[in-house]
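Lettering of chains follows the sequences in order, A, B, ..., and the numbering in each one begins at 1. Remember, it's a predicted structure, so these values are computed and weren't measured experimentally.
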Number of protein chains: 2
Amino acid sequence: MSYRRPDIVARAVEVLDTYGLADLTMRRLGGELGVRPSALYHHFASKQTLLAAVADEVLARGRAPRDTPPDTVPDGSWDDRVVAVCTELREAMLAYRDGAELVATVHAFGLGAAAPGRDLAAALADSGLDPALAGTATRTLLHFVFGHTLDEQTHLQAGSAGAIEDQPRERSDFAAGLGIVLDGIRLRCRVAPPPRG
Amino acid sequence: MSYRRPDIVARAVEVLDTYGLADLTMRRLGGELGVRPSALYHHFASKQTLLAAVADEVLARGRAPRDTPPDTVPDGSWDDRVVAVCTELREAMLAYRDGAELVATVHAFGLGAAAPGRDLAAALADSGLDPALAGTATRTLLHFVFGHTLDEQTHLQAGSAGAIEDQPRERSDFAAGLGIVLDGIRLRCRVAPPPRG
DNA sequence: ACCTGAACACCGTTCAAGT
DNA sequence: ACCTGAACACCGTTCAAGT
């Protein structure tokens, strides 16, 4: 049974948060679990597969509890939902050391971390945009959130001293950047020209 | 004299393009140069420093020849120049295997690849945007170009077979995504409402 | 100044063999 | 089914010693 997989992933999250992504090695994780590194290959085909599972776990933990059942249509306007998904994604990655680097890498290589993209696509499906443009918009939003949060976390972790005054600047920068992308999208989903005044 | 540094970087670009970023190791590069790996540490303090130099070389080679002297104000409207810088950045990274991964990583860690950011900031300085927003806009554009091109190059290199039909789809997707971000920026730099008609 | 030789402290992955 | 033991083919980096 794949019954120990969750335990291995949970330990891997601990190692990630404590020592960083560079020190999350198969040998170190094995040592932490009291097991030879080769034993891990009975549960995961490769290190990349393991990292994908860790990225998905980080995202799952950062997911706000939804009071609506899974197959209910989410409430709120499509753009409010886009902001919610992007904000949640950023916060999920910031919650663990090197979280942004891990999730962005796993996503870039197509191994996992696909949930935020699905959520964004679902929200944009209600925007009235044609499917091709909605796909472009989804990817553009993801690139923004990944890129911004990677920068933010790198700078945050670089100087633990100056982190106190960097945090608010970056926080508003996230909102401002997201606003830029979102307005560009909004401009394309009105069939009629925007109302003047 | 640092007279061999350019030779080392040139060889490193060859190794990158032939074998990929994962195989661009100090040991392999040393072997390619007929030298022990430890000899490289007389020219570069670390592998990261070397990679930064390689990234800057890739960007320099992709730079279109400018017929204007360095300290001349570039011609064209600010947004045309933004499109030019982003297009050139994408093409420079696509010109070498794993170019996007290399340049994006070096930039994220703040080790190099700073020229495109400077060029974008210079263009946006003429947009009438206030400096803080211009900084946000610069970073948002960079995140888009890095993220898009990383995706594009990964998919391009994954299937060499289907690359023929993927290329045009991605090419127009780049223009479309850039258009979204650029329109969001334009919306913020008009003090007066846009002229109707 | 530039490079060698040799070492240090690691990696991911495979696989026969044990239980 | 799950893990050990041992190996294979590598890493980045340091540093005394050579020329």
Side-chain angles (χ1 to χ4, degrees), chain A residues 1-57 97-98 101-102 105-106 108-112 154 158, chain B residues 1-57 97-98 101-102 105-106 108-112 154 158:
Chain A
M1 325 283 110
S2 59
Y3 154 66
R4 330 231 27 190
R5 266 181 68 117
D7 306 334
I8 297 174
V9 171
R11 271 281 216 224
V13 173
E14 277 179 45
V15 173
L16 173 74
D17 201 43
T18 309
Y19 304 103
L21 184 57
D23 285 345
L24 176 46
T25 66
M26 299 301 266
R27 299 179 107 99
R28 170 145 222 161
L29 179 57
E32 211 82 15
L33 289 161
V35 113
R36 294 278 121 120
S38 56
L40 297 171
Y41 288 87
H42 271 265
H43 303 279
F44 297 93
S46 65
K47 190 189 179 184
Q48 288 202 326
T49 310
L50 207 215
L51 289 182
V54 176
D56 282 330
E57 175 65 18
R97 202 213 297 196
D98 294 338
E101 195 186 343
L102 170 70
T105 302
V106 165
F109 284 70
L111 303 165
T154 302
Chain B
M1 324 286 110
S2 58
Y3 153 67
R4 331 234 22 193
R5 265 181 68 117
D7 306 333
I8 296 174
V9 170
R11 271 280 215 224
V13 172
E14 277 179 44
V15 173
L16 173 73
D17 201 42
T18 310
Y19 305 102
L21 184 57
D23 285 345
L24 176 46
T25 66
M26 299 301 265
R27 300 180 107 99
R28 170 146 221 162
L29 180 57
E32 212 83 13
L33 289 161
V35 113
R36 295 276 119 122
S38 57
L40 298 172
Y41 288 86
H42 272 264
H43 304 278
F44 297 92
S46 64
K47 190 189 178 183
Q48 287 202 325
T49 311
L50 205 216
L51 289 182
V54 176
D56 282 330
E57 175 65 18
R97 202 214 298 194
D98 293 339
E101 194 186 344
L102 171 69
T105 302
V106 165
F109 284 70
L111 304 164
T154 302

> Rounded to whole Å, please give me the gap between CG in L29(A) and C1' in dC3(D).
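One finds 15 Å between C1' of dC3(D) and CG of L29(A), rounded.
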> With sequence neighbours left out, what residues match E14(A) under side chain to side chain contact (heavy atoms under 4.5 Å, CB included)?
R11(A)
> Not counting sequence neighbours, which residues clear side chain to side chain donor-acceptor pair (under 3.5 Å) with S46(B)? List them please.
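If we apply the side chain to side chain donor-acceptor pair (under 3.5 Å) test to S46(B), skipping adjacent residues, the hits are T49(B).
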> So, does D98(A) use its side chain to make a donor-acceptor pair with the main chain of L21(A) at under 3.5 Å?
yes
> Looking at every heavy atom in both F44(B) and L50(B), which two are closest together, and how far apart are they?
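Reported closest heavy-atom pair: CD2-CA, 3.8 Å.
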> Any stems for DNA chain C, made of 3 or more Watson-Crick or G-U pairs in a row, each with both distances under 3.5 Å?
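In DNA chain C, stems of three or more pairs: C:4-8 with D:12-16, C:12-16 with D:4-8.
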> Check this for me: does the side-chain of R36(B) come within 3.5 Å of the base of dG5(C) through a donor and an acceptor?
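Side chain to base: no pair present.
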> Please work out which residues in residues 9-19 of chain A have a non-hydrogen atom less than 4.0 Å from an atom of DNA chain D and list them by number.
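Listed by number, there are none.
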> What integer number of Å spans the C1' atoms of dC3(C) and dA16(D)?
13 Å
> With a 4.0 Å limit, can you tell me whether R27(A) has a side-chain N or O closer than that to the phosphate oxygens OP1/OP2 of dA9(C)?
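Checking dA9(C) against R27(A), no side-chain N or O comes under 4.0 Å of OP1 or OP2.
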> Which nucleotides of nucleotides 14-19 of chain C have their base under 4.0 Å from a protein heavy atom (B), which only their sugar-phosphate (S), and which neither (-), written as one string 5' to 3'?
BB----
> What pairs meet the salt bridge (Lys or Arg N to Asp or Glu O under 4.0 Å) rule with one or both residues in residues 47-57 of chain A, with sequence neighbours excluded?
E57(A)-R61(A)
